[in-house]
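First the structure, which I've put down as structure tokens, then a few questions once you've had a look.
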Amino acid sequence: MLVNTSEKISQLLGVESHERQLVSLVFLQAILVGVQNLFTRTAAFAIFLETLSATELPYIYFAAGIVIPLFGTGFSKYQKSHGDQHSYKVALTLTLVMLIAMRGLLEIEHSLESLVFALPILYLTCFRLLSVVLWGTANSVFTLRQSKRLYGLITTGDKFMTCICGLLITPLIILIDTENLIIISIVAI
């Protein structure tokens, strides 16, 4: 009965039987990206708005608009010379280091405004890196036709976690404080 149900769900989602395990793993990766994205975004922007103000947000987006393309260009060059798999490992390690740095910066007594200003930029950089890893993984394990067919399903992993974990934000902040949401992101990596 369980096998029959699994096959019906796979058919409903457009997953062929030989793809099930691979789709499940990439979907799990999307879920973990969603967890990291939600908790890091919430912590970075909440702390930013508590310390600075919403009038400073345009400067964040301007700075991110410069930093992220430069970082992306550098990463693309690195990826071309070192290969996809190695680059993805480096991207995950770099994301982990950035998250640890974000959390560590918040330990500084009365964090400097410039450190708090950097939090959303670091978050946006982490998000872009993880997107490259997720879709790079999907492109390396699926054919183009499979990727197109499964794109919607894979992206729901991230959105699903946003819905579920989004409901947990307030109780978690009360329980562990805003800055410790980044620890959940570190675990997700």
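Index from 1, following the sequence. Side chains are part of it too, since the values below use all heavy atoms of this structure and drop only hydrogens, waters and symmetry mates.
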Problem - Contact summary for L150 and G14, nearest pair of heavy atoms - result: CD2-O, 4.0 Å
Handout entry: Apart from L12 itself, residues in the same hydrophobic cluster as defined by side-chain heavy atoms under 4.5 Å
Key = none
Handout entry: Hphob cluster co-occupancy, L25 + V33, side-chain heavy atoms under 4.5 angstrom
Key = no
Problem - Non-hydrogen side-chain atoms of M98 and Y123 separated by less than 4.5 Å - result: no
Problem - Shortest non-hydrogen contact between T178 and A46, atoms and distance - result: CG2-CB, 3.9 Å
Completion exercise
So salt bridge (charged side-chain N to carboxylate O under 4.0 Å, His left out) across residues 158-179, not counting sequence neighbours, yields none
Completion exercise
In this structure, CD1 of I176 is separated from CG of L181 (nearest 0.5 Å) by 5.0 Å
Fill in the blank from the handout: Tightest non-hydrogen contact, residues V26 and A138, listed as CG1-CB, 4.4 Å
Exercise for the section: Tell me whether V67 is reachable from L52 by hopping between hydrophobic residues (I, L, V, M, F, W, Y) whose side-chain heavy atoms are closer than 4.5 Å. Expected result: yes
Fill in the blank from the handout: Rounding to 0.5 Å, atoms CD1 (I108) and CG (L115) come to a distance of 5.0 Å
Practice task
Look at the side chain of H86 and the backbone N and O of H82, then say whether any donor-acceptor pair between them is shorter than 3.5 Å.
Solution key: no
Exercise for the section: Kindly compute the distance separating CD1 (I154) from CD1 (I31), expressed to the nearest 0.5 Å. Expected result: 11.5 Å
Handout entry: In one Ile/Leu/Val/Met/Phe/Trp/Tyr side-chain cluster, 4.5 Å: L122, V187
Key = no
Problem - Under 3.5 Å: donor-acceptor pair, side chain of Q146, backbone of T143 - result: yes
Problem - Contact list for residues 138-156, test salt bridge (charged side-chain N to carboxylate O under 4.0 Å, His left out), sequence neighbours left out - result: E16-R149, E19-R149
Problem - side-chain contact (heavy atoms from CB on, under 4.5 Å) evaluation trace for L119 with L106 - result: CA-CA 9 Å; L119 290 177; L106 294 172; 3.6 Å; yes
Handout entry: I68 with Y61, same ILVMFWY side-chain cluster at under 4.5 Å
Key = yes
Handout entry: Gap separating the CG atom of L94 from the NZ atom of K89, nearest 0.5 angstrom
Key = 16.0 Å
Exercise for the section: Identify whether V141 and V23 are in the same connected component of the hydrophobic contact network (ILVMFWY, side-chain heavy atoms under 4.5 Å). Expected result: yes
Handout entry: Atom pair OG1/OH of T93 and Y88 - distance to nearest 0.5 Å
Key = 14.5 Å
Problem - Partner of M102 under side-chain contact (heavy atoms from CB on, under 4.5 Å), chosen from I186, I47, I182 - result: I182
Exercise for the section: Would you please name every residue forming a side-chain contact (heavy atoms from CB on, under 4.5 Å) with A91, sequence neighbours left out? Expected result: F75, L129, V133
Practice task
May I ask you to test the L57-L49 pair for a side-chain heavy-atom distance under 4.5 Å?
Solution key: yes
Problem - Closest non-hydrogen atom pair, S87 against Y78 - result: OG-CD2, 3.8 Å
Problem - Point-to-point distance, once rounded to the nearest 0.5 Å, from CG of L144 to CG of N139 - result: 8.0 Å
Exercise for the section: Locate the shortest heavy-atom distance separating M161 from L38; write the atom from each residue and the value. Expected result: O-CD2, 4.1 Å
Practice task
Considering only Ile, Leu, Val, Met, Phe, Trp and Tyr, and joining two whenever side-chain heavy atoms are under 4.5 Å apart, list the other residues clustered with F62.
Solution key: I66, L70
Problem - With sequence neighbours excluded, residues passing side-chain contact (heavy atoms from CB on, under 4.5 Å) with L13 - result: I9, V15, L153
Problem - Audit row: C126, L99, side-chain contact (heavy atoms from CB on, under 4.5 Å) steps and yes/no - result: CA-CA 8 Å; C126 288; L99 290 170; 4.3 Å; yes
Exercise for the section: Would you indicate whether the side-chain heavy atoms of T137 and D84 approach each other to under 4.5 Å? Expected result: no
Practice task
State, yes or no, whether a side-chain contact exists between Q79 and V90 at a heavy-atom distance under 4.5 Å.
Solution key: no
Handout entry: Any L130 side-chain heavy atom under 4.5 Å of L32 side chain
Key = no
Problem - Smallest separation among heavy atoms of I121 and F117, with atom names - result: CD1-CE2, 3.9 Å
Practice task
For the pair S185 (side chain) and F39 (backbone), establish whether a donor and an acceptor sit closer than 3.5 Å, ignoring hydrogens and angles.
Solution key: no
Practice task
Using the six-membered ring wherever Trp is involved, compare the ring planes of F48 and F45 and label them parallel, tilted or perpendicular (cut-offs 30° and 60°).
Solution key: perpendicular
Practice task
Kindly say whether N37 contributes a backbone atom to a donor-acceptor pair with the side chain of T40 at under 3.5 angstrom?
Solution key: no
Exercise for the section: For residues W135 and Y151, establish whether the separation of their ring centroids is below 6.0 Å. Expected result: yes
Handout entry: Heavy-atom side-chain proximity of S140 to Q85 below 4.5 angstrom
Key = yes
